[in-house]
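Values reported hereafter were calculated over all heavy atoms of this structure, with side chains retained and with hydrogens, waters and symmetry mates removed. Quick note on labels: first sequence line is chain A, next is B, and so on, each numbered from 1.
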Amino acid sequence: MDVFKELNTLNEKQREAVTAPLEHIFVLAGAGSGKTKVLTHRIAWLLETEQAHPYQILAVTFTNKAANEMRSRINTLLKQPSSGLWVGTFHGIAHRLLRINWQPANLPQTFQILDSDDQLRAIKRILKTLQLDDKVWTPKKVQIFINAKKDQGLRAKDVVINEDDAWLAQMFSIYQIYEETLERTGTIDFAELLLRTYELLRDNPALLEHYQQRFLYVHVDEFQDTNTIQYQLLQLLVGTLGKLFVVFDDDQSIYAWRGAKIENIQSLNHDFANNRLVRLEQNYRSTNTILKAANKLIGHNQGRLGKNLWTKYSGGEPVFLYSAYTETSEAQFVVNKIRVFNYERKEIAILYRTTAQSRIFEEALLLQGIPYRIYGGLRFYERLEIKDMLAYLRLVQNQNDDGAFERVVNTPKRGIGERTVAVLRGVARQQRMSLWIAARLVIENRQLKARASNALTAFLDLIEQCEKCVHGLQLHEQVEQIIIKSSLGEHYKKGGAAEAQKRLENLEELVNAARQFAQINPSSSTILTEFLSHTALEAGVGQGSQYDDCVQLMTLHSAKGLEFKVVFLCGLEEGLFPHKNSLEEGNVEEERRLCYVGITRARQHLYLCHSESRYRYGERELCKSSRFIDEIPVELIEEVRA
DNA sequence: TCACTGTAATTTTTT
DNA sequence: ATTACAGTGA
């Protein structure tokens, strides 16, 4: 790249951040102020004028989408694929470090990642064996508790328990058993990826020094979303040698619910001395009207760092407001409007608070034959049949994976019922062994009736056969073989016609995904392990989009970082947005920031929609329009009719 | 052991 | 409305 030519495309503030001397740089970047541009240009600047080597550069994002975007923009800028440069999500980078350093991290080489669903199942199993009242100790609550502790960097054993607090004591004891279980099964959950990586570096000084010397330039996107353990990890990595470059917007902090600490922004100044703050407040995205609406809305929040976005674009059409009678007419209005616009369809987005709202828009779009793409919702690798197949693969690769064992031991049905599995669980727990080994033992000791024993033996043989037969095969052939051997394919053929077809197609798609994965990644003996991790870390968002030019449907959370010519912000109703749960927890400000994110996605046209009534739990409920609508000055709004 | 039936709970967002 | 789960009979 011609650095100096590129610099001319930046404004003064952006240039200041990109060409800043080698200190810690904090960039307060408002929506649409070109933060990704600054980040990518900074990296290019380091490479071209500071003689940095690609392998000295680390760039961390929060979503896979953002990571991919950044990687491709860096490549475009450098006019070649950048090798050696690490760009990824916090979880992706932690995973990479753990794979390389599995031994000092005290992990088996084939360790696997549990997604939220796997984690919840593991917790349910533990609660069942402990025979606790599942009204008091709901799996969800336990899951939230454990993840919160891990996000704070706390192990069960690290915490001093006040014996008076029976609830807390019980929670920690569950946490402890959970930790032991995961240890035994060779699996780790999402939060553990971060915590384990933190401990790995903290407890291995030589290793830490190695990475500190390597990653001299650490970049973090969306810094306002970091949680405690992520912050601590950054502190370790940057050390005294490294230079930190963070980009953040406190008004777009929307992940407090999963442990993001907005206080981390304040800590920066103290923990990383010799720093420089650059403010990007010029917006290049939206019309002045849209920006004014956004500024006024977010002005209702207290304790902001404070900034005022401005733009050179004057005026723009008003923000349109549509009040529907029902959610169906809301969707109809949106779809009719979409037909009028003469833009590319991918320039149009329908945004909503909850995934459940997508269905009604999907139906309306389908009816009118408008191509659309839904982000989020049930992702490819989360589908039932895919999870089943992945469980077979996991079990073939690591027989101690109890979660995988339980999932497929009787799928498809092979006569191993609850009773038999209960016996295995009992033995496994008593002798602290995996279900697989317990099964072996139980068969040897003839603890089961002949019928159950035979069925179980057949299952164990099946898995071992699979293990033998996939040896030396290509990754996608391994998947293909196991679909056949496990007779999962057969199994799904039997279901309802249309649904069964879909499931079979998905299994076929999994084979394709494996083929693609093997093409992108260098072949190695651990490719199956890596593929399985990939399915957990990137739940397969890109699968199955048939058209390129589609109307974009997504939740407000997944819209962060994107922009569209036309935005429909839907379901603006009290209880839905702001969501009831947030109101109860007193988190209206985060909901408002979410609304701010939504509004600032729009370049030219913004439609706010709400419905007077909505189906919930099978009943029609009356809905009040959202307070957020009232917080936008009326002179910016124009009511429209269908 | 498994299919069937009735009842209770469920819906915030993502790695 | 849809789904998950527990209880019941074959």
Gap between atoms [atom1] and [atom2], on [X] and [N] respectively (whole Å):
X: A/Leu114; N: B/dT14; atom1: CG; atom2: P; result: 20 Å
X: A/Glu621; N: B/dT11; atom1: CD; atom2: C1'; result: 12 Å
X: A/Asp117; N: C/dA4; atom1: CG; atom2: P; result: 10 Å
X: A/Glu382; N: C/dT3; atom1: CD; atom2: C1'; result: 17 Å
X: A/Asp118; N: B/dT15; atom1: CG; atom2: C1'; result: 13 Å
X: A/Arg359; N: B/dT11; atom1: CZ; atom2: C1'; result: 13 Å

Applying a 4.0 Å non-hydrogen cut-off, can you work out what [X] is touching in the nucleic acid: base, sugar-phosphate, or nothing?
X: A/Lys124; value: sugar-phosphate
X: A/Phe90; value: nothing
X: A/Ser116; value: base
X: A/Phe62; value: sugar-phosphate
X: A/Asp115; value: nothing

Side chain of A/Lys413 - closest among B/dA3, B/dT1, B/dT15: B/dA3
Candidates B/dT14, C/dC5, B/dT1 - which lies nearest the side chain of A/Arg419: B/dT1
Crowding at CZ, A/Arg359 (>12 non-hydrogen neighbours, <6.0 Å): no
From CA spacing to verdict: side-chain hydrogen bond (donor to acceptor under 3.5 Å, both in side chains), A/Glu573, A/Ser611: CA-CA 7 Å; A/Glu573 294 136 37; A/Ser611 173; 4.8 Å; no
Nearest-nucleotide comparison on DNA chain B, the residue closer to the 5′ end among A/Thr89 and A/Lys140: A/Lys140
First encountered from the 5' end of DNA chain B, between A/Asn587 and A/Arg414: A/Arg414
A/Ile113 vs A/Leu193 side-chain heavy atoms within contact, under 4.5 Å: yes
Ring geometry between A/Phe190 and A/His91 (parallel below 30°, tilted from 30 to 60°, perpendicular above 60°): perpendicular
Straight-line distance of A/Thr328 OG1 to A/Glu363 CD, nearest 0.5 Å: 8.5 Å
